[in-house]
Amino acid sequence: MALNVHHIGIAVEDLDAAVLVYADLFGATLEHRERLDEQGVEAASLRVGESRIELVRPLYFDKDGNRVTA
């Protein structure tokens with residue numbers, strides 16, 4: 001049985017909009033935001049109580065327009 005959750009990762013299309021939505025819905029506060037080219041994502045870590053939500057937006061797309069990570 002899990003006693004607590006360190007973080008949950010959620011893929012999003014628009015990182016700026018998602019940060020605002022999670023702040024509004026859950027009272028989340030932005031801890032850190034970073035572009036991680038080696039992983040192919042831009043990520044934002046939000047604090048919600050004692051847990052975190054990590055929002056990730058893919059930076060790259062394949063030839064068919066599908067999102068991909070490195």
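Take D14 and apply the salt bridge (charged side-chain N to carboxylate O under 4.0 Å, His left out) test, not counting sequence neighbours, and it matches no residue. Annotation: side-chain hydrogen bond (donor to acceptor under 3.5 Å, both in side chains) contacts of E54 (sequence neighbours excluded): none. Residues satisfying the side-chain hydrogen bond (donor to acceptor under 3.5 Å, both in side chains) test with H32, not counting sequence neighbours, are E34. Annotation: side-chain hydrogen bond (donor to acceptor under 3.5 Å, both in side chains) contacts of R35 (sequence neighbours excluded): D37.
A salt bridge links R33 with D16: at least one charged nitrogen is closer than 4.0 Å to a carboxylate oxygen.
Inter-residue side-chain proximity for R57 and E13 is flagged as unmet; no heavy-atom pair is nearer than 4.5 Å.
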Begin from the C-alpha positions of E42 and L59 and carry the test side-chain contact (heavy atoms from CB on, under 4.5 Å) through to its verdict.
CA-CA 7 Å; E42 182 178 14; L59 296 173; 4.1 Å; yes

Under 3.5 Å, sequence neighbours excluded: what are the donor-acceptor pairs made by side chains of residues 43-50?
residue: S45; atom: OG; partner: E31; partner atom: OE1; Å: 3.4
residue: R47; atom: NE; partner: G49; partner atom: O; Å: 3.0

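Sorted by first then second residue, the side-chain hydrogen bond (donor to acceptor under 3.5 Å, both in side chains) pairs that include residues 18-29, not counting sequence neighbours, number zero.
By the rule that hydrophobic residues join a cluster once side-chain heavy atoms approach within less than 4.5 Å of another member, V12 and L20 end up as members of separate clusters.
Taking CG from L55 and CG from L30, the interatomic distance works out to 9.0 Å, rounded to the nearest 0.5 Å.
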